[in-house]
Amino acid sequence: MDNILLPFMLEKTNVRGRITKLGSTVDDIINKHKYPKIVNKYLAELIAVCSSLAGMLKYEGIFTLQTSGDGEISMLVVDIDSNGNIRAYAKYNDNIAEDLTFEQALGKGYIAFTVDQAGNAKKYQGLVEIQQGSFEDCIKHYFESSEQVETSIKSYSEEVDGKWRAGSIIIQKLPEEEKADFNETNIYLDTCMDSELIDGSITSKDLLYRLFHELKVIIYDEKELHSKCRCSEAKILGFLKTLPENEIDSLIQDGKIDVNCEFCSTKYEFKKKDII
């Protein structure tokens, strides 16, 4: 089954993990935009990574992954709420080539991890430099340097028969676990092929059992993942009403204010009488 986040535990090695396989959800998000294929590929992969990482949250809120760098893709933003609703967008050089390496695409910069907990005015944010060769390396480096949690991750995305698919598996060492046990788990994880992460005929459960059956896989409750933006006419109008009148006037063109949501490309139109 596609479009689910599935938490799991490997009883023999006492390692926790989460697997995400995305089909129609990631394809819908990608198709809301008209990005070049290389931008779609990195954005789709980050959507899968963000979904797996969000599985660690045990409270209501929003988890966001954002890249910012001096490469051809200057920004990627993905966020997911506690209900499994995902949205994403990208900013990039209009003349971007299709054959860029990870370093060329993202350049030097950082990845920000942001947790916005419902009812808590204070946000948690962590940063890691984009100095590795993949999202996998960056995520691993962040958790090991900032959280002191040994982490491994596999992620991949690709367009298959005209539709985008993406997947990721993340495993993390629990505090009481022995180092050798995590190394053993990594040996099994390394046998995971990119094609298996995006193969719609292989369910998340089947892939976990294929990879880790010798380590005794324990499956927990799955969460469905959806493509859904949180924008609305009421929210945007509410924001516009907070602006001073002279700033509102500066936004008016041809007698109206046009607002496009970067996440879902929905277009909104307002007249001054709607705001003042």
Side-chain angles (χ1 to χ4, degrees), residues 1-27 29 44-63 65 78 80-86 113 115 135-136 139-140 143 147 149-158 160 165-228:
M1 180 180 177
D2 285 334
N3 308 320
I4 63 168
L5 165 67
L6 192 64
F8 63 91
M9 173 74 76
L10 305 177
E11 187 174 51
K12 182 179 176 181
T13 56
N14 201 29
V15 170
R16 64 181 176 179
R18 294 167 299 279
I19 180 172
T20 299
K21 296 194 77 173
L22 295 167
S24 59
T25 291
V26 73
D27 189 61
I29 294 171
E45 184 176 349
L46 195 65
I47 290 169
V49 170
C50 183
S51 300
S52 289
L53 290 176
M56 72 182 73
L57 302 183
K58 304 302 180 185
Y59 47 77
E60 296 295 311
I62 299 169
F63 178 72
L65 272 185
V78 182
I80 176 171
D81 67 19
S82 302
N83 295 318
N85 298 317
I86 310 170
F113 302 68
V115 178
F135 288 131
E136 297 166 353
I139 301 302
K140 177 181 173 69
F143 277 100
E147 305 292 333
V149 177
E150 287 196 75
T151 300
S152 292
I153 183 170
K154 287 269 190 176
S155 60
Y156 188 67
S157 68
E158 190 60 77
V160 181
R165 300 189 59 85
S168 66
I169 302 178
I170 183 171
I171 58 172
Q172 293 182 305
K173 173 184 173 183
L174 294 177
E176 64 272 19
E177 184 210 349
E178 294 296 329
K179 171 72 173 178
D181 290 335
F182 193 67
N183 287 341
E184 181 183 0
T185 308
N186 272 305
I187 292 173
Y188 289 98
L189 179 63
D190 285 343
T191 68
C192 180
M193 296 182 290
D194 290 341
S195 59
E196 292 177 303
L197 285 174
I198 61 169
D199 190 333
S201 68
I202 303 175
T203 68
S204 294
K205 290 182 181 179
D206 288 344
L207 181 53
L208 289 178
Y209 289 132
R210 203 283 290 172
L211 294 172
F212 303 119
H213 67 278
E214 294 185 25
L215 304 181
K216 194 173 181 181
V217 182
I218 300 173
I219 302 293
Y220 297 108
D221 292 340
E222 65 185 41
K223 172 177 284 189
E224 293 186 13
L225 303 173
H226 314 277
S227 165
K228 185 177 180 180

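One-based numbering along the sequence shown. Worth knowing before you read on, the calculation uses all heavy atoms, side chains too, and leaves out hydrogens, waters and symmetry mates.
With rounding to the nearest 0.5 Å, the separation of CZ in Phe8 from CG in Leu208 is 5.0 Å. A distance of 13.5 Å separates CG in Leu225 from NZ in Lys21, rounded to the nearest 0.5 Å. Between Glu158 atom CD and Arg165 atom CZ the span is 12.0 Å, to the nearest 0.5 Å. The distance from atom CD1 of Ile169 to atom OG of Ser152, rounded to the nearest 0.5 Å, is 11.5 Å. Separation of atoms CG (Leu211) and CG (Asp190) is listed at 10.0 Å; rounding is to 0.5 Å. We find the CZ-CD1 distance between Phe212 and Ile171 to be 5.5 Å, quoted to the nearest 0.5 Å.
Here the closest heavy-atom approach between residue Arg210 and residue His213 is recorded as O-ND1, 3.6 Å. When all heavy atoms are compared, the tightest approach of Glu222 to Ile4 is OE1-CD1, 3.6 Å. Minimum interatomic distance between Ser168 and Ala48 (heavy atoms only, all atoms of both residues): OG-O, 2.8 Å. Taking each heavy atom of Gly55 and Leu5 in turn, the nearest pair found is CA-CD2, 3.5 Å. Across all their heavy atoms, Glu214 and Lys12 have their closest contact at O-CD, 3.6 Å. The minimum heavy-atom distance between Glu150 and Phe182, with the atom names listed, is O-CZ, 3.6 Å.
With hydrogens and angles ignored, the 3.5 Å screen pairs a side-chain donor or acceptor of Thr151 with a backbone N or O of Val149. Side-chain atoms of Asn3 come within 3.5 Å of backbone atoms of Thr25 as a donor-acceptor pair (strictly under, hydrogens ignored). Checked by atom type and distance alone, the side chain of Arg16 never pairs as donor or acceptor with a backbone atom of Gln172 at under 3.5 Å. Between the side chain of Thr191 and the backbone N or O of Ile187, no donor-acceptor pair lies under 3.5 Å. In this structure a side-chain-to-backbone donor-acceptor pair under 3.5 Å is present from Asp81 to Asn83.
A side chain to side chain contact (heavy atoms under 4.5 Å, CB included) with Leu6 is found for one member of Asp221, Ile219, Thr203, Leu207 and no other, namely Ile219. Screening Ser51, Ser155, Ser204, Ser52 against Thr20 for a side-chain hydrogen bond (donor to acceptor under 3.5 Å, both in side chains) leaves a single residue, Ser52.
Residues Thr185 and Leu215 are in side-chain contact: their nearest non-hydrogen atoms beyond the backbone lie under 4.5 Å apart.
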Side chain to side chain contact (heavy atoms under 4.5 Å, CB included) between Asp181 and Asn14: does it pass, once the steps are laid out? CA-CA 8 Å; Asp181 290 335; Asn14 201 29; 6.0 Å; no
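The aromatic rings of Phe63 and Phe113 sit tilted relative to each other, their planes meeting at an angle between 30° and 60°.
For the residue pair Ser24 and Asp2, no side-chain donor N or O sits within less than 3.5 Å of a side-chain acceptor on the partner.
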